[in-house]
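Just so you know, these numbers come straight off a predicted model, no measurement behind them. Residue numbers begin at 1 in each chain, while the letters A, B, ... track the order of the sequences.
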Amino acid sequence: MGTARVRLFARLADLAGTREAAVELGEGLTAAGVFGVLVQRYPSLTGFDAFVRFAVNSEYVPASHPVRDGDEVALIPPVSGGSRAL
Amino acid sequence: MGTARVRLFARLADLAGTREAAVELGEGLTAAGVFGVLVQRYPSLTGFDAFVRFAVNSEYVPASHPVRDGDEVALIPPVSGGSRAL
Amino acid sequence: MLFEVTADQLDPDRVVKHVRRDDAGAVALFYGVVRDHNRGRKVMHLEYDAYPEMATKVMHQIAAEVKERFGVAEIAIQHRTGRLEIGETSLLVAVSSAHRSEAFEACHALVDRFKEAVPIWKKEVFEGGEEWIEGDLSPPDA
Amino acid sequence: MLFEVTADQLDPDRVVKHVRRDDAGAVALFYGVVRDHNRGRKVMHLEYDAYPEMATKVMHQIAAEVKERFGVAEIAIQHRTGRLEIGETSLLVAVSSAHRSEAFEACHALVDRFKEAVPIWKKEVFEGGEEWIEGDLSPPDA
């Protein structure tokens, strides 16, 4: 099923203690599913799924976006001026 | 009654062929009156009194402003963005 | 258009040269500068983290939107990463246009969009602690 | 505050340095640039005439008004005189502020006031002639 490269930034990178991870892709894994795999690996990320946006290959995507072999998944915490967007 | 120094700029300086003039001050001469004296000296300035603003000692003044010995009177053509002011 | 995310000092001359065009009579340039206070705290320095590949892509998208919407001539953006001291420039946004109103409005709109959408984050190191500044928790900020 | 009327090339670094303050997170800088066209005519170059003593005095007055009205931190203005070629900078207006909205709004307002009130005039030398550009006759201009 392949592998995705995951990138972490800012607070999430601090919490996980890494800026990058590889995730094996199970059947029909979504961006949110990739995050779930990471939470198992880095429990300090627990609860942050409501807080991040997801990007796949440098484009914002919904949490339900399917992840494919070779994709780069990024976990995007709110940016500093983000309160205006909401 | 004294003398005023008059300064001309831009189109008025081109028309008069000078950037500076001295005007003898008659009794109760106003800024507009100083301009009248200049028109006699430089007939190409005729009709421009409706077009200029006056400054005395670097402050905008009304045409009726009295001019005193030693004053610097400036004839101020419209500035380039002046249409917005009106 | 020019979009850069860099650890080097930003270069206002470079961004202005980039947006200058003979038919553009106005350039609006915005500097985001590290401020010594925020929400009542004394700030010591900032640290910026970025996702550079995506940041430049999003900068391109929002610049294209703004260019279309305001009809401006040219746009350039630089953002710095890493540690920045008080008074240093974190962000430059330059917009050129035939006339000044569009240049100002487009530049302002572009800075607003930048702060909402571009994946760059700042950690505030203040007297007594440090904190990642995240949208929901913090007021709109220069 | 810094107000200069000069025949030398303008100096953006100087005006920005002048307005920078540790408590100001935003600087808006406006460049007025000589444009290659105006009202359908091809412009060859411009010549600026000024009444420098009064110009700096009026700049001081309008800057004080704008500073008070928008609550911004610091202001600097430079205008060039003499002959300017296409692409050269005729005007720099810099405003610093704690936050970006006030910096943008104050800078825009100040450029508008400048063009209405400051005794500086431009002669347009275009293909086939030349003309002093005077307010009533010309559209608002960058």
Least distance between heavy atoms, C:V118 atom then A:V79 atom: O-CG1, 3.1 Å
Crowded around [X] [atom1]? As in, over 12 foreign heavy atoms under 6.0 Å?
X     : atom1 : answer
C:R69 : CZ    : no
C:H37 : NE2   : yes
C:R14 : CZ    : no
C:E85 : CD    : yes
A:R68 : CZ    : no

Just wondering, do [Y] and [X] contact through their side chains at under 4.5 Å, heavy atoms?
X      : Y      : answer
A:E59  : C:K57  : yes
C:W121 : A:L12  : no
A:P78  : C:W132 : no
A:I76  : C:M54  : yes
A:R19  : C:Y51  : no

Spacing of A:R11 atom CZ and C:D49 atom CG [to the nearest 0.5 Å]: 13.5 Å
Engaged part of C:Q61 at the chain A interface, taking heavy atoms whose separation is under 4.5 Å: side chain
Side chain / backbone / both / neither for C:A50 at chain A, heavy atoms under 4.5 Å: backbone
Side chain / backbone / both / neither for A:D14 at chain C, heavy atoms under 4.5 Å: side chain
